[in-house]
Asks: 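Below is the structure I would like to discuss, written out as structure tokens.
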Amino acid sequence: MSSGKPSIYIPTLYVAEGLPYTLVIMMSAVFFKNLGATNEFIGLTSFLYIPWTIKLFWAPLVDFYGTRRRWIVVSQLVLAGLLATLAAGAVTPYAISLALGTFALVALVSATQDIAIDGYYLEVLNKAQQAFYVGVRNAAYKVAWLLGSGGLVYVAGRLGECIGTAGGWSAAFAVCAVLFLAFFAFHSFYLPDAPRAEGSPAGERLTFAAFVRVFTTYFDQPRIAAVVAFILVFRLGDALMLKMAQPFLLDPPDKGGLGISTADVGLIYGTIGTIFLLLGGIVGGWLVARG
């Protein structure tokens, strides 16, 4: 059994959690724009956000089958394969349609990984550690945001100037695939097994019958329809805005945009704002721990 330190594996877990989200929600918009997709098409790809919104409906599967640790490492291996598919598909004539389907699968697997990571966080850390690492996990998530919306977009733009747009994006996705292979290898041996709850029999898991009872009780709550509707739509505007920010930066002035290059979008959009979000997460977690 590994006895890995939370100060090491909590940051790596939350970088791995944040990077696929950033790729699907933000980086994909620049990719599609560079390959000639219309702004209308890019706006419609906001549906890729849906798996993160409705992941609560399949979250119990993580309890029904296997352990959260296993779900984490398997998800990361699958994500590495999907990102490798994006890298290979970016240089084909069917790059846009192939990428759209692959991004949808990345979103589904990533949302499942989120369930496992967040549950694992609660399993392996005590209450004091959970409070202390709130800032660390938020900071690590913002590092992923910085990497996806900034560094990788910059790499795609700079390489695209030398080897062509498709080649630049293929290289950027290949870097992502290698990163997830590294996450898979590292977490496979470093993540500790979650301790069994005191007094709980070995191998006890949430049963399907127990889940049905809990699920039914959840929908018996007052005004549950309004609550579920709010969960589904409260970040819709944010998702739509994020999708259209990069096309606005990339479009030429005669089309209402700012005419910024892909590399500069990565440099500007993914650095300054994210750095301040990163600092805010660290300070916020420190204040929570002190309280």
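Just so you know, these numbers use all the heavy atoms, side chains as well, and skip hydrogens, waters and symmetry mates.
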Asks: With sequence neighbours excluded, tell me which residues meet side chain to side chain donor-acceptor pair (under 3.5 Å) with Gln76.
Replies: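 Here the qualifying residues are Gln113, His187.
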Asks: Does Arg69 use its side chain to pair, donor to acceptor, with the backbone of Tyr120 at less than 3.5 Å?
Replies: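 Not confirmed, Arg69 side chain does not pair with Tyr120 backbone.
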Asks: Hydrogens and angles aside, do Thr112 and Trp58 bring a side-chain donor and acceptor to less than 3.5 Å of each other?
Replies: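 Thr112 vs Trp58: donor-acceptor pair found between side chains.
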Asks: Test of understanding: with ring-ring contact (aromatic ring centres under 6.0 Å, His included), list the residues that count as partners of Phe32, not counting sequence neighbours.
Replies: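 Result, ring-ring contact (aromatic ring centres under 6.0 Å, His included) vs Phe32: Phe41, Phe103.
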Asks: Side-chain heavy atoms under 4.5 Å apart, restricted to Ile/Leu/Val/Met/Phe/Trp/Tyr: what other residues fall into the cluster of Tyr94, or is it alone?
Replies: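 Its cluster partners, ordered by chain and number, are none at all.
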Asks: Atom CG of Leu100 and atom CG of Leu44: how far apart are they, to the nearest 0.5 Å?
Replies: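 Leu100 atom CG to Leu44 atom CG measures 9.5 Å (nearest 0.5 Å).
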Asks: Got a salt bridge between Asp118 and Arg137, using NZ or NE/NH1/NH2 to carboxylate O under 4.0 Å?
Replies: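 Salt bridge present between Asp118 and Arg137.
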Asks: Please identify each residue that fulfils side chain to side chain donor-acceptor pair (under 3.5 Å) with Asp114, with sequence neighbours left out.
Replies: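 Scan of Asp114 (side chain to side chain donor-acceptor pair (under 3.5 Å), adjacent residues dropped) gives Trp52.
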Asks: Please round to the nearest 0.5 Å and tell me the distance separating atom CG of Leu13 and atom CD1 of Ile117.
Replies: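 Between atom CG of Leu13 and atom CD1 of Ile117 there are 5.0 Å.
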Asks: Do Asn34 and Thr262 pair up side chain to side chain, a donor and an acceptor below 3.5 Å, judged on atom types alone?
Replies: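 There is such a pair between these side chains.
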Asks: Below 30° counts as parallel, above 60° as perpendicular, anything between as tilted: where do the rings of Tyr49 and Tyr21 land?
Replies: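 Judged by the thresholds at 30° and 60°, the geometry between Tyr49 and Tyr21 is perpendicular.
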Asks: Where the side chain of Thr92 meets the backbone of Ala88, is there a donor-acceptor pair that is under 3.5 Å apart?
Replies: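 No: the side chain of Thr92 does not pair with the backbone of Ala88.
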Asks: Cluster partners of Leu159, using ILVMFWY side-chain heavy atoms under 4.5 angstrom, listed by chain and number?
Replies: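 Other cluster members: Val155, Ile163.
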Asks: Sequence neighbours left out, what passes side chain to side chain donor-acceptor pair (under 3.5 Å) with Lys55? Give chain and number order.
Replies: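 Per chain and number, Lys55 pairs via side chain to side chain donor-acceptor pair (under 3.5 Å) with no residue.
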Asks: Assert yes or no for the condition that the ring centre distance of Phe183 to Phe186 is strictly below 6.0 Å.
Replies: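 When the ring centroids of Phe183 and Phe186 are compared, they turn out to be at least 6.0 Å apart.
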Asks: Please confirm whether Phe173 and Trp169 have ring centers closer than 6.0 angstrom.
Replies: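 Yes, close enough.
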Asks: If we ignore hydrogens and angles and just use 3.5 Å, is the side chain of Thr22 paired with the main-chain N or O of Gly148 as donor and acceptor?
Replies: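 Not confirmed, Thr22 side chain does not pair with Gly148 backbone.
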Asks: Any donor-acceptor pair under 3.5 Å linking the side chain of Tyr133 with the backbone of Ile10?
Replies: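 Side chain of Tyr133 to backbone of Ile10, a donor-acceptor pair under 3.5 Å: no, none is there.
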Asks: About how many Å separate CG of Leu19 and OG of Ser149, when rounded to the nearest 0.5 Å?
Replies: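 Separation between the atoms: 10.0 Å.
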